[in-house]
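Along the sequence shown, residues are numbered consecutively beginning with 1. Just the heavy atoms: all of them, side chains too, but no hydrogens, waters or symmetry mates, feed the values below.
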Amino acid sequence: MAGRLLDMAVIRHEAIASNIANAETPGYRRVDVDPDFVRVLRTTQAKMAMPASELAASVVADQHARTVRPDGNSVEIENELLEMSRNTVEYDFLTDVVSSHIKHLRTAITGRNTS
């Protein structure tokens with residue numbers, strides 16, 4: 001699950017970068033990772049309905065963007081920078097979790113603690 005969430009953080013970072021790049025593009029609508037992805041991932045994990053590796057996050061237009069400027073653009077640059085900072089912290093945390101799992105697997109296989 002941490003690996004899937006790490007993939008989602010990468011996709012979210014790309015979406016935020018796209019939003020920032022298009023902050024002055026008339027008619028551009030803010031995009032983000034589909035908010036249902038985490039719910040579907042948790043449901044799938046809980047019910048063991050399918051391997052989590054088969055799920056992929058997708059980018060969709062944000063229907064909850066708070067403002068739309070007169071030119072039709074819905075990007076608020078301050079919020080995008082805040083979201084990018086938050087996403088970076090989440091990515092770093094998830095990277096630590098995945099690295100920890102790999103270290104535990106390595107210790108289990110070799111019988112030696114390599115840290």
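Counting all heavy atoms, side chain and backbone alike, S74 lies closest to R29 at OG-CA, 3.4 Å. Between G3 and V98, the shortest heavy-atom contact is N-CG2, 4.2 Å.
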Item to check | Worked check of salt bridge (Lys or Arg N to Asp or Glu O under 4.0 Å) between D32 and R12 | outcome: CA-CA 6 Å; D32 199 356; R12 174 167 280 146; 3.0 Å; yes
Next on the checklist: As a quick check of understanding, evaluate side-chain contact (heavy atoms from CB on, under 4.5 Å) for V60 and V31, giving each step before the final call.
Outcome noted: CA-CA 5 Å; V60 296; V31 295; over 6 Å; no
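Considering OG1 of T88 and CD of E83, their distance stands at 10.5 Å, rounded to 0.5 Å. With values rounded to the nearest 0.5 angstrom, L5 atom CG is found 13.0 Å from Y91 atom OH. In this structure, H13 NE2 and E90 CD are separated by 12.5 Å, a value rounded to the nearest 0.5 Å. Here the straight-line distance linking atom CG of N87 with atom CD of E14 works out to 10.5 Å at 0.5 Å rounding.
Side chains of L82 and E78 form no contact here, defined as non-hydrogen atoms less than 4.5 Å apart.
The side chain to side chain contact (heavy atoms under 4.5 Å, CB included) test applied to S99 returns T95, not counting sequence neighbours. With sequence neighbours left out, the side-chain hydrogen bond (donor to acceptor under 3.5 Å, both in side chains) criterion links S85 to no other residue. Legend: residues meeting side chain to side chain contact (heavy atoms under 4.5 Å, CB included) with E80, ordered by chain and number and at least two apart, are I16, N19, I20, R30, V75.
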